[in-house]
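The structure under discussion appears below in the form of structure tokens.
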Amino acid sequence: MTVRTRFAPSPTGYLHIGGVRTALFNWLFARKHGGQFILRIDDTDQQRNVEAALEPILAGFRWLGLDWDEGPGVDGPHAPYYQSQRSDRHQAAAKQLLEAGFAYRDYATTDEVQAERTAAEKEKRDFVYSRRWMAETDEQAAAYEGEGRQFVVRLKMPREGKCEFRDLIRGDVSFVWAKEQDHVIQRGDGSCLYHLASVVDDADFEITHVIRAEEHLSNTPRQIFIARCLGCKLPEYAHLPYVAEPGGTAKISKRKLDKYLKNRDFKSLCDHGNAIAAAIGHETTADTFNPVIVDFYREVGYLPAAILNYLVLLGWSLDDKTEEFTRDEMIRHFSLERVNKSPASFDPQKLSAFQLRHMQQLPIKQKVALVVPFLQKAGLIASPPPCDTAPLLTKIVEAAGDRLKTAGDILEFDEFFVADEAMTYDDKAFDKRVRADGAATLLSSFRDILADTEPFDRATCEAALRLFIELHDIKIGDIIHALRVAVTGKGVGLGMFEALEILGKDRCLARIGRCLERAESEAT
RNA sequence: GGCCCCAUCGUCUAGCGGUCUAGGACUCCGGCCUUUCACGCCGGCAACACGGGUUCGAGUCCCGUUGGGGUCACCA
């Protein structure tokens with residue numbers, strides 16, 4: 001039997017980080033067993049613009065390289081893969097359950113059921129619907145309809161015994177049937193609800209393993225009931241621990257952003273992203289752009305491999321030491337047996353650590369390619385880039401080394417792309433370094449040295465500076481900081497001599513000149 | 001509140017009865033490297049929630065307590 005797993009997003013307009021983790025485990029399990037991974041769109045809730053709300057989700061999957069074998073854009077033997085297009089199947093199932101007596105027409109109003117619920121609450125007993133407005137015969141139904149009532153279809157849940165099943169992650173789980181509610185499976189307007197639709201589609205799609213988040217664990221008995229009554233083969237169930245919020249134990253949620261922002265690490269992850277987004281003119285409402293949404297990482301220039309590597313370790317591990325996995329290694333090693341039972345908190349710092357490691361392993365050429373779109377969006381290079389851009393970029397990216405933690409970090413080195421007159425100064429650094437005692441004089445003298453430095457490469461420049469400090473009997477720190485501010489406008493950056501070489505003599509001299517003028521003019 | 005699930009360093013985790021004076025990773029704290037910032041290197045702090053059993057022996061099995069969480073819709 002081929003393994004078939006599925007991930008069933010509802011088109012909400014964004015891809016949640018916890019959702020990706022669930023999808024990843026489904027994908028890995030299918031790939032590991034040579035099976036199929038199916039994307040099913042749970043859009044029974046009927047919204048206007050399904051395609052628009054779905055696109056960001058599909059884009060996220062494509063970016064991460066989580067390919068689906070059947071689903072939107074990939075037709076398969078069980079199409080369609082949108083639940084809204086399968087309502088005839090769901091309705092047929094509801095009818096079947098009704099006819100077999102596993103479900104009933106219920107003529108209660110919402111208020112009446114609510115009243116029962118409130119009463120039970122008041123008396124401190126468990127609520128179970130009385131079935132008072134249940135119609136099992138057409139006569140009863142006609143009588144209720146005579147009163148002008150409308151019906152919904154409810155499951156007629158067993159009221160004795162237990163529902164026991166084996167969860168691939170949690171082991172044996174057991175629920176008392178009598179505590180399960182007679183859930184509505186079909187609305188008054190005939191449309192069907194999630195639980196019914198999900199079970200029917202899983203069966204139709206021949207899903208063998210339902211791997212989903214723990215929040216569905218308590219839904220499982222009613223789904224098992226539906227499946228059994230429909231005569232469907234039960235899938236295996238595996239309920240994953242959910243991804244917990246940064247620094248907490250509750251399930252991570254897009255809605256609690258304000259709370260997470262109080263977490264220092266989460267905040268700095270956000271700030272970093274926002275800075276890059278601002279530089280490339282990407283719109284950033286907290287609702288559409290934050291670390292709980294996968295899109296955030298793409299926009300900021302994270303590597304899909306790093307995200308996946310971090311995520312796979314959130315609730316799963318191979319052994320006591322292996323942390324780095326390529327996609328293929330993940331597939332080779334993944335198993336549900338090694339999935340943890342307890343929730344794993346989302347840790348921005350650990351994610352960053354993985355991002356750094358993966359960046360370090362990326363060949364320079366690929367880094368350059370990643371960086372180009374950011375520079376283009378920021379208006380720092382033309383698009384398409386002029387043909388002499390590649391060598392320059394390569395030099396910068398090489399010199400930046402590990403300072404480039406995400407592709408978007410290239411924007412911290414904008415000074416290499418702007419005109420000498422357009423370069424901005426970090427005022428604090430300028431005050432501290434250029435206005436330091438004697439700094440301007442030294443800078444001026446060293447400018448003359450640089451003017452005669454040939455060839456203008458890092459080694460020669462360094463030699464020149466070493467000689468200069470020896471002659472003036474100063475320490476390197478007495479001049480190099482001022483030089484850095486003069487040439488780059490900033491207090492921190494690449495290695496000084498790499499920076500000089502990249503800019504070239506003319507630009508360095510021009511920038512030092514401009515810097516000295518600024519120091520002078522403002523001094524008076 | 002009912003039902004269900006969970007419980008090892010701050011975080012992610014290893015551990016499936018003796019090899020655990022509990023290992024790794026991230027963070028943090030020292031130090032080194034150093035022209036800044038990163039990176040890198042070396043070192044350090046830091047955990048079996050508690051109480052009962054079972055057993056020659058328990059982080060590992062059982063029960064209870066406590067704590068945390070999930071879920072209780074004509075949402076998915």
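Chain letters run A, B, ... following the sequence lines, proteins first and then strands; every chain starts at 1.
For A:R117, a side-chain nitrogen or oxygen approaches OP1 or OP2 of B:A73 to under 4.0 Å.
Backbone-only contact: A:K251 has heavy atoms under 4.0 Å from sugar-phosphate atoms and none from a base. Here A:H239 lies out of heavy-atom contact (under 4.0 Å) with every strand. Nucleic acid contact for A:R484: base, since at least one base atom lies under 4.0 Å from a heavy atom of the residue. Nucleic acid contact class of A:G493 (heavy atoms, under 4.0 Å, all strands): base. Using a 4.0 Å heavy-atom distance criterion, A:R212 is classed as making no nucleic acid contact. Across all strands shown, A:Y194 has heavy atoms under 4.0 Å from base atoms, whether or not it also approaches the sugar-phosphate. In this structure, A:F497 reaches the bases: a heavy-atom distance under 4.0 Å links it to at least one base atom across the strands shown. Contact annotation for A:R40: no contact, since no heavy-atom pair falls under 4.0 Å across all strands. Among the protein residues, A:E121 comes within range of no part of the nucleic acid, since none of its heavy atoms lies under 4.0 Å from any strand. Here A:D189 lies out of heavy-atom contact (under 4.0 Å) with every strand. Contacts of A:L356 with the nucleic acid, taken as non-hydrogen atoms under 4.0 Å apart, involve only primed sugar atoms and P, OP1 or OP2. Looking at heavy-atom distances under 4.0 Å, A:S198 makes no contact with the nucleic acid at all. Residue-level contact check: A:R222 touches neither bases nor backbone, having no heavy atom under 4.0 Å from any strand. At the heavy-atom level, A:G495 lies under 4.0 Å from base atoms of the strands shown.
Not a single donor-acceptor pair, N or O on each side, falls under 3.5 Å between the base of B:A73 and the side chain of A:H183.
B:U60 sits 26 Å from B:C3 when the P atoms are compared, rounded to a whole Å. B:G64 and B:A7 have their P atoms separated by 15 Å, with the value rounded to a whole Å. Remark: the separation of the C1' atoms in B:C5 and B:C9 is 24 Å, to the nearest Å. Taking the C1' atoms as reference points, B:G40 lies 25 Å from B:U13, given to the whole Å.
Shown are A:K256, A:R255, A:K254; of these, the salt bridge (charged side-chain N to carboxylate O under 4.0 Å, His left out) with A:E245 is made only by A:K256.
Across all strands shown, B:C41 forms a Watson-Crick or G-U wobble pair with B:G31, both key distances being under 3.5 Å. The partner of B:A47, taking Watson-Crick or G-U wobble pairs whose two distances both stay under 3.5 Å, does not exist in any strand shown. With a cut-off of 3.5 Å on both pairing distances, the Watson-Crick or G-U wobble partner of B:C4 is B:G69. The pairing partner recorded for B:C16 is none, the criterion being a Watson-Crick or G-U wobble arrangement whose two distances lie under 3.5 angstrom.
Here B:U35 presents its P atom at 14 Å from CZ of A:F446, a figure rounded to the nearest Å. Rounded to a whole Å, the CG atom of A:N340 is 21 Å from the P atom of B:G68.
Neither side chain, A:H472 nor A:S445, offers a donor N or O lying under 3.5 Å from an acceptor on the other. Side-chain atoms of A:E145 and A:Y107 include a donor-acceptor pair closer than 3.5 Å.
Place A:G491 and A:C192 on RNA chain B by their nearest nucleotides, and A:G491 ends up nearer the 5' end.
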How far apart are the C-alpha atoms of A:F61 and A:F7, what are their side-chain angles, what is the distance that settles it, and do they pass the ring-ring contact (aromatic ring centres under 6.0 Å, His included) test? CA-CA 11 Å; A:F61 273 93; A:F7 181 69; 5.7 Å; yes

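Between the NZ atom in A:K156 and the CZ atom in A:R131 there is a gap of 5.5 Å [rounded to 0.5 Å]. If you take NE2 on A:H358 and OH on A:Y310, they are separated by 13.0 Å, rounding to the nearest 0.5 Å.
For A:R170, the salt bridge (Lys or Arg N to Asp or Glu O under 4.0 Å) partners two or more places apart in sequence, or in a different chain, are A:E214.
Checked against the 6.0 Å centroid criterion, the rings of A:F25 and A:F334 qualify as a close aromatic pair.
Within residues 396-405 of chain A, the residues approached by RNA chain B to less than 4.0 Å at the level of any non-hydrogen atom are A:D402, A:R403, A:K405, in residue-number order.
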